[in-house]
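Just follow the structure's listing: the first ligand is 1, and inside any ligand the first atom is 1.
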Amino acid sequence: MSDGQVVATQVRTVTLSIAELEADPHSVFRRYRAITPFIAREGGGYIVLRAPAVEQLIKDPRVRQPETEFPEIRGITEGVLFEFFKYSMLTSNDPVHRLRRAPFTRSFAARLIADLRPRIRKIAEELVAGWYEEGEIDLVDRFAAQIPAQAISELLGLPKEDIPRFTALVYSVSRVLSFTFAPDDLPDMQSAARELRDYVACLIDSRHATPMDDFISAYVADADSKGELSPIEIIVQIVVLIIGGTDTTRVAMATQVALLLQHREQWDAVCRDPALIPGAVSEALRYEPSVGAVSRFTLQDIELDGQILPSEQFVSLSTMSAMRDDRAYERPDVFDIRRAERRRAHLVFGGGPHRCLGEALALIELEEGLAALTTRIPRLRLAGEPPRLRGHVGIRRIGGMRVRWPS
Ligand code: HEM
């Protein structure tokens, strides 16, 4: 070996059980990030911990998106839930991924930003007005869950009376992404998935018959004009959009309020100065992200800081760990809504070709939701223990969160 040449060695990789990882993921990640670029998970797979490697691998051709392997591991090999994975943009690779995503990039982002912000603010204000007199509520159910469900309903132009049923279906199906279901739950989830698929199929048919001035009509017209997607692919992309946009934002909304209420001076500052809202949203997503990692599959051996991440393995690129890495952030374990190093492309939304399609919508929901609460209820308080966010990969989980205020 010549001077300065780095040779990768296979150091014995630390393997952790799910229980160890779930108990206190931030501490576990902090401890191991200092000594190793990745750890192994009992039962298979690796977790990449350091910011530079996570940022690199998220868009690296040496890894690919897992396809139907994820449901297969969980025992889902047929039925509508399986179709959701088989035909989705999230679980496909190029060239198929590009075809499935393209109609959205053409019909989605710009329109949302222009139209939805005032409507989402109105939704948030109406929710607050609906329960303000009660003086105490569960913020997760009565606010954080309602905003994404109603925002998606607005986006798709759903009739108001459909929203409760539609929301229940979405929450039942979205559990497939969050590791929280048992084999016994599968029949109910499959049946909810079937109902959701049929609901979306009807919606698409109705827009075919009578196009309206809404996102879904634009999407259907675009997909039809290109003729590159099958009818089931068109339906599944809408379903994935709906599922991707509910739990993620529900958990993020509750978490940002909980964090601010635990750092009272920062909550009060946001109440006084709404210009701090984007920084508060961004910092909450960094400090306690609602999505813990993105999944990839290695196509070859990859050297990371002198160690080899082996080929043909599932890897979780831990955005959660990376966003607490002092290689990328100063004082990473401090919650500070005024921190200087806010990045233009927030890592919580991933990166590369699969970067979150709903990022703009999520930020609008989180910002307008926070604006409504800080304007209407500046004296909001936690009414019990702060909620604990659980989970270290996928969509993280939150329990209830009671809040109160003097009415
Ligand atoms: C705080 C809220 C959100 C977070 C943290 C989040 C996070 C993510 C991440 C990390 C990915 C990339 C996954 C990967 O690379 O494997 C992703 C993809 C995606 N997200 Fe989000 N998301 C959020 C909200 C939303 C919303 C509101 C929508 C839609 C309305 C949405 C729709 C999607 C879709 C369709 C994809 C798949 C994109 C593709 O595969 O090309 N997300 N999201």
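- For the pair E125 and K122, the salt-bridge criterion is not met [side-chain N within less than 4.0 Å of a carboxylate O].
- Considering backbone and side-chain atoms together, R296 places an N or O closer than 3.5 Å to an N or O of ligand 1.
- D94 has a carboxylate O that lies under 4.0 Å from a charged side-chain N of R98, or vice versa, which qualifies the two as a salt bridge.
- In terms of polar-atom proximity, defined here as any N/O pair under 3.5 Å, T249 makes no such contact with ligand 1.
- Residue contact check for ligand 1: H97 places a non-hydrogen atom closer than 4.0 Å to it.
- For E195 and R165, the salt-bridge test passes: some basic side-chain N is under 4.0 Å from an acidic carboxylate O.
- Comparing heavy-atom distances from atom 38 (C) of ligand 1 across R396, H346, R100, R101 singles out R101 as nearest.
- Looking at ligand 1, you won't find any N or O of E365 less than 3.5 Å from one of its N or O atoms.
- Where the criterion is an N or O separation shorter than 3.5 Å, residue side chain and backbone included, S290 fails it with respect to ligand 1.
- Between E288 and R396 a salt bridge is recorded (basic side-chain N to carboxylate O distance below 4.0 Å).
- For ligand 1, one of its N or O atoms has an N or O atom of Q65 under 3.5 Å away.
- Considering backbone and side-chain atoms alike, G244 places an N or O below 3.5 Å from some N or O of ligand 1.
- Ion pair R33/D326 not flagged as a salt bridge, since none of the NZ, NE, NH1 or NH2 atoms sits closer than 4.0 Å to an Asp/Glu carboxylate oxygen.
- For L363, the closest heavy-atom approach to ligand 1 does not fall below 4.0 Å.
- Using the six-membered ring where Trp is involved, H263 and F335 have ring planes that are tilted, between 30° and 60° apart.
- Residue contacts with ligand 1 include P353, since one or more of its heavy atoms lies under 4.0 Å from the ligand.
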